[in-house]
Amino acid sequence: METLAPDALERRKHVKIEGLKELPGDHSKVVLRFAPNPNGPLSLGHSRGVVINAEYARIYGGKVVLRFDDTDTKVKPPIPDAYHWITEEYEWIAGRPADVIIRASDRMPTYLKYAKKMIRDGHGYVCRCESDKFRNFRSLKEECPCRNKGCDENLSEWEEMNNGEILEGGAVVRVKTDMSLPNPALRDWPALRIQHNPHPLVGDKYKVWPLLDFQSAIEDHEQGVTHIIRGKDLMDSTRKQTLLYNHFGWEYPFALYWGRVKVHEFGGFSTTSMRDSISSGIHEGWGDLRLPTIKALQRRGFSPNSLKEFWIDLGLTQKDISVPMKTLESFNARIIDSGTERRSFVGEPIEISLVGELPEYEINLPRHPEDSGVGDRCWKLGDRIAIQSSDFESGKLRLKDFADITLSDSRGVIDSIEKSDGRKIIHWLPLDCARNARLITPHGKEIIEIEGLLEDVDLVIGNVYQLERVGFARLESFQEDSTAILIWLHG
RNA sequence: GCUCGUGUGGUGUAGUUCGGUCCAUCAUGACGGACUCUCGAUCCGUCGACCCGGGUUCAAAUCCCGGCACGAGCACCA
């Protein structure tokens with residue numbers, strides 16, 4: 001060591017530890033879970049959960065359970081399409097499908113079974129108090145009258161709840177903890193409530209539905225989850241569920257937390273508010289470029305690896321953070337740049353006639369400046385070309401990779417083919433090689449569409465190109481009139 | 001009100017468990033330069049931080065006490 005690298009021993013002062021920290025506990029059979037509500041497709045915020053869980057599963061050779069927490073039919077009702085959207089988006093982000101996929105709504109018999117057992121064992125009870133009345137008991141650390149009912153009475157009321165004899169709001173099943181607990185959130189917390197709304201997938205078969213804390217607790221145990229990674233807003237859920245696990249004699253998984261994330265450009269990630277903005281027509285749909293959805297990121301051409309590197313770099317901390325999209329974009333740019341071919345896009349074009357000795361040849365430009373292996377793009381030269389109106393200034397310009405010209409009105413006099421001085425270099429396009437195009441760019445609350453001309457050489461729908469002097473964009477489609485639709489990615 | 005959590009450069013992040021090897025890591029950003037027939041890439045340089053106040057100690061980002069700030073939970077949402 002000392003002879004091979006004498007100063008390696010000293011120089012190793014501060015090294016940043018890359019990657020995720022070690023998971024606590026046993027690593028031999030790691031089971032994690034990602035549990036979204038299928039009330040919409042996945043957002044950029046969700047992708048943190050996918051990345052972190054999938055990465056830990058990869059590190060330890062463990063599994064990830066993708067679980068649809070769809071037990072609310074009223075406040076955040078599930079969207080049937082969201083189940084397959086999320087399944088596919090999970091796979092896209094993680095680079096592999098989830099190991100186990102379950103829907104909470106399919107597992108109702110299990111939840112109801114445990115609920116009944118809890119009541120029978122005296123660890124839970126049917127509470128008929130109105131919510132604000134119970135709230136009052138809770139704040140006073142007093143027990144509500146329902147708490148000391150006999151087991152038989154609880155059980156018969158439980159049956160009434162399930163039969164639909166008790167209306168919504170008429171009863172709730174509570175986990176018996178301790179009304180004198182210092183943390184008010186833990187005092188006899190609600191486990192199941194009545195919902196008569198039909199569930200979009202299982203209909204009106206069930207009248208009693210578990211709340212998140214109960215459903216999630218039971219299912220984590222059923223699936224053998226060893227590590228729960230969740231937002232720190234759910235810390236009290238851990239404490240509530242630990243109390244429930246004690247009733248059942250189960251051992252609670254390790255829980256890890258992350259703080260709230262905001263992105264400067266988008267703020268938070270509320271599926272519900274996105275849903276509202278779509279139904280009210282403010283946004284065009286879940287793939288609207290202004291929305292922080294995975295669908296929008298896919299349309300723009302982000303690499304799933306950029307999400308992975310981004311979230312792993314951010315790590316798993318409990319700090320509430322706000323990061324700029326620029327950070328994600330720089331990860332993405334680094335990933336895609338070497339494999340992204342260049343093309344010319346002239347926005348808001350102005351036609352120019354070339355005057356002078358027009359060489360009778362084709363111009364060969366590299367598809368990638370640092371990678372000759374991908375070959376050239378070939379332009380047939382004509383005397384009609386287009387330049388960007390923002391570059392139009394009467395005077396001396398260099399048409400990139402072609403010629404020095406002097407511009408006056410809409411005529412470009414060729415001064416020389418060789419680069420003769422330090423004049424401004426602009427991108428351009430022979431009209432013969434151009435196709436109409438529209439570059440669509442999200443800009444805050446607006447969507448900006450720039451009409452222009454795109455170099456019409458080997459265009460493949462779905463590919464990302466770097467538009468010279470403009471930035472990265474994904475070719476989304478050709479319209480019927482053959483106009484190319486480009487979606488802006490980043491600079 | 002009660003309970004819980006977090007505070008390191010503009011933004012993130014490493015280091016905090018077991019004080020010294022930290023005049024504090026890395027990335028991103030901003031600024032400047034080199035190179036390049038893209039405003040991309042690459043390369044070089046510069047800027048910039050331990051919430052505050054005490055205490056313990058030879059030594060504190062790290063331990064203790066007290067403040068302050070921010071966030072969250074106390075939903076018949078997830």
Side-chain angles (χ1 to χ4, degrees), chain A residues 9-10 12-18 21 35-39 68-78 104 127 129-131 134-135 138-139 141 168-174 181-187 189-195 208-209 211-213 215-216 230-240 257 259-261 264 271-272 309-310 312-315 317-324 326-331 333-334 336-338 340 342 344 365-366 368-371 398-404 418-419 422-427 466-472 490-491:
Chain A
L9 292 169
E10 288 180 17
R12 219 160 24 122
K13 299 211 280 192
H14 326 298
V15 278
K16 171 157 179 172
I17 296 169
E18 305 282 349
K21 286 175 198 152
N37 182 336
N39 63 339
F68 293 104
D69 279 351
D70 59 348
T71 58
D72 173 31
T73 64
K74 205 171 181 180
V75 183
K76 294 177 179 174
C127 176
C129 296
E130 285 169 21
S131 59
F134 185 85
R135 215 189 325 270
R138 178 174 46 219
S139 65
K141 296 188 176 183
E168 288 189 10
V172 62
V173 175
R174 295 188 179 281
L181 254 16
N183 185 345
L186 311 185
R187 298 171 196 156
W189 53 272
L192 303 100
R193 83 313 209 173
I194 298 168
Q195 290 186 135
V208 180
W209 289 82
L211 288 150
L212 172 81
D213 288 320
Q215 177 271 127
S216 174
R230 52 166 52 135
K232 66 174 184 177
D233 52 315
L234 260 28
M235 279 181 161
D236 281 344
S237 279
T238 298
R239 300 179 182 107
K240 288 186 215 176
Y257 308 93
R260 266 196 112 66
V261 182
H264 293 351
T271 304
T272 306
E309 292 185 13
F310 174 74
I312 289 176
D313 185 64
L314 257 45
T317 70
Q318 293 187 27
K319 279 203 283 189
D320 297 323
I321 56 173
S322 183
V323 288
K326 189 81 187 137
T327 304
L328 211 212
E329 291 172 359
S330 91
F331 277 112
R334 201 176 55 224
I336 68 171
D337 181 71
S338 64
T340 302
R342 313 287 117 133
S344 183
L365 306 166
H368 192 286
E370 278 92 40
D371 180 7
R398 170 86 187 160
L399 299 179
K400 185 173 181 295
D401 294 312
F402 173 51
D404 287 355
E418 294 306 309
K419 189 169 186 283
R423 63 183 70 185
K424 187 181 175 188
I425 298 166
I426 63 166
H427 65 291
Q466 192 201 87
L467 309 176
E468 290 187 330
R469 297 215 305 141
V470 177
F472 294 90
H490 51 68

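All values below come from the heavy atoms of this structure, side chains included, with hydrogens, waters and symmetry mates left out. In what follows, every chain begins at residue 1, and chains take the letters A, B, ... in the order their sequences are listed.
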Between the protein and nucleotides 40-43 of chain B, which nitrogen or oxygen pairs are less than 3.5 angstrom apart?
unit_1	atom_1	unit_2	atom_2	d
B:rG40	O2'	A:Asp337	OD1	3.3
B:rG40	O2'	A:Gln466	NE2	2.9
B:rG40	N2	A:Glu370	OE1	2.6
B:rG40	N2	A:Glu370	OE2	2.8

Have a look at A:Leu186 and say if it touches a base, only the backbone sugar-phosphate, or nothing, with a 4.0 Å heavy-atom cut-off. nothing
If only side-chain N and O atoms of A:Lys319 are considered, is one of them under 4.0 Å from the OP1 or OP2 phosphate oxygen of B:rU8? yes
Among A:Asp70, A:Asp69, A:Asp72, side-chain hydrogen bond (donor to acceptor under 3.5 Å, both in side chains) partner for A:Gln215: A:Asp69
A:Ser330 side chain to A:Thr327 backbone, donor-acceptor under 3.5 Å: yes
Using atom C1' in both nucleotides, what's the gap between B:rU11 and B:rC39 to the nearest angstrom? 23 Å
Within the distance-only criterion (no hydrogens, no angle test), does the side chain of A:Arg187 pair as donor or acceptor with the backbone N or O of A:Leu181 below 3.5 angstrom? yes
Send over the distance from A:Trp189 CH2 to B:rC74 P, rounded to a whole Å. 13 Å
Are A:Thr317 and B:rU13 close enough that a side-chain N or O sits under 4.0 Å from OP1 or OP2? yes
Nucleotide of B:rU38, B:rU6, B:rA14 approaching A:Arg469 most closely (side-chain heavy atoms): B:rU38
Residue A:Glu130 excluded, over 12 heavy atoms near CD under 6.0 Å: no
Just the rounded figure in Å: distance from C1' of B:rA14 to CD of A:Gln318. 17 Å
Looking only at heavy atoms, what is the nearest atom pair of A:Ser344 and A:His427, with distance? OG-CD2, 3.7 Å
A:Lys326 side chain near B:rG12 phosphate (N/O to OP1/OP2, under 4.0 Å): no
Work out how far the P atom of B:rG20 is from that of B:rG54, and round it to whole angstrom. 23 Å
Atom NZ of A:Lys141: over 12 foreign heavy atoms under 6.0 Å: yes
Whether A:Gln466 side chain and A:Ile336 backbone form a donor-acceptor pair below 3.5 Å: no
Nearest to the A:Lys16 side chain among B:rC76, B:rU11, B:rU13, which nucleotide is it? B:rU13
I want to verify a distance call: between B:rC37, B:rC76, B:rG73, whose nearest atom is closest to the A:Asp236 side chain? B:rG73
Strictly by Watson-Crick or wobble contacts shorter than 3.5 Å, is anything paired with B:rU46, and which nucleotide is it? B:rA30
Identify whether any heavy atom of A:Lys424 sits under 4.0 Å from a base atom; if not, whether one sits that close to sugar-phosphate; answer base, sugar-phosphate or nothing. nothing
Can you tell me how far P of B:rC74 sits from CG of A:Leu212, to the nearest Å? 11 Å
Heavy-atom closest contact (A:Tyr257 atom, A:Gln318 atom, distance): O-CG, 3.6 Å
In terms of the nearest nucleotide of RNA chain B, which residue is placed more toward the 5' end: A:Ala35 or A:Ile17? A:Ile17
In whole Å, I'd like the distance from the NE2 atom of A:His490 to the P atom of B:rU38. 20 Å
Would you check if A:Arg193 and A:Trp209 make a side-chain contact, meaning some heavy-atom pair closer than 4.5 Å? yes
Any heavy-atom pair between the side chains of A:Glu168 and A:Lys74 that's under 4.5 Å? yes
Provide the distance between the two C1' atoms, one in B:rU17 and one in B:rG1, to the nearest whole Å. 34 Å
Look at the side-chain N and O atoms of A:Arg193 and state whether any lies under 4.0 Å from the OP1 or OP2 oxygen of B:rA78. yes
Complement of B:rC74, any strand, by Watson-Crick or G-U distances under 3.5 angstrom: B:rG1
When the C1' atoms of B:rC4 and B:rC63 are considered, how many whole Å apart are they? 23 Å
Nearest to side-chain heavy atoms of A:Ser131, which nucleotide of B:rA78, B:rC76, B:rU28: B:rC76
Are A:Ser322 and A:His264 close enough that a side-chain donor and a side-chain acceptor fall under 3.5 Å? yes
In whole angstrom, give me the gap between the C1' atoms of B:rC68 and B:rG53. 10 Å
Quote, to the nearest angstrom, the P distance that separates B:rG40 from B:rU6. 41 Å
Where the side chain of A:Lys232 is concerned, which of B:rC2, B:rU38, B:rG5 is the nearest nucleotide? B:rG5
Could you state the CZ-P distance from A:Arg398 to B:rC39, rounded to the nearest angstrom? 14 Å
Touch check for A:Gly169, heavy atoms < 4.0 angstrom, all strands: base, sugar-phosphate only, or nothing? base
Nearest-neighbour nucleotide for the A:Ser330 side chain, B:rU28, B:rC37, B:rG15 considered: B:rU28
Exceeds 12 heavy-atom contacts within 6.0 angstrom, atom CZ of A:Arg469: yes
If you look at every strand shown and take non-hydrogen atoms under 4.0 Å, does A:Thr271 touch a base, only sugar-phosphate, or nothing? nothing
Rounded to whole Å, the CD-P distance (A:Glu329 to B:rU28) equals 14 Å
Using Watson-Crick geometry (N1-N3 plus N6-O4 or O6-N4) or G-U wobble (N1-O2, O6-N3), each under 3.5 Å, B:rC39 is paired with none
So which of residues 70-78 of chain A are in contact with RNA chain B, with a heavy-atom cut-off of under 4.0 Å? A:Thr71, A:Asp72, A:Lys76
Please determine, for B:rG20, whether a Watson-Crick or G-U wobble partner exists with both distances under 3.5 Å, and give it or none. B:rC58
Before accepting this row, confirm whether a basic side-chain N of the pair A:Arg342/A:Asp337 lies closer than 4.0 Å to the acidic partner's carboxylate O. yes
Rounded to whole angstroms, how far apart are NE2 on A:His427 and C1' on B:rU38? 9 Å
Can you tell me how far P in B:rG19 sits from the matching atom in B:rC64, rounded to whole Å? 11 Å
A:Asp213 CG to B:rC76 P, in whole Å, measures 11 Å
Integer angstrom distance from the P of B:rC47 to that of B:rU25: 13 Å
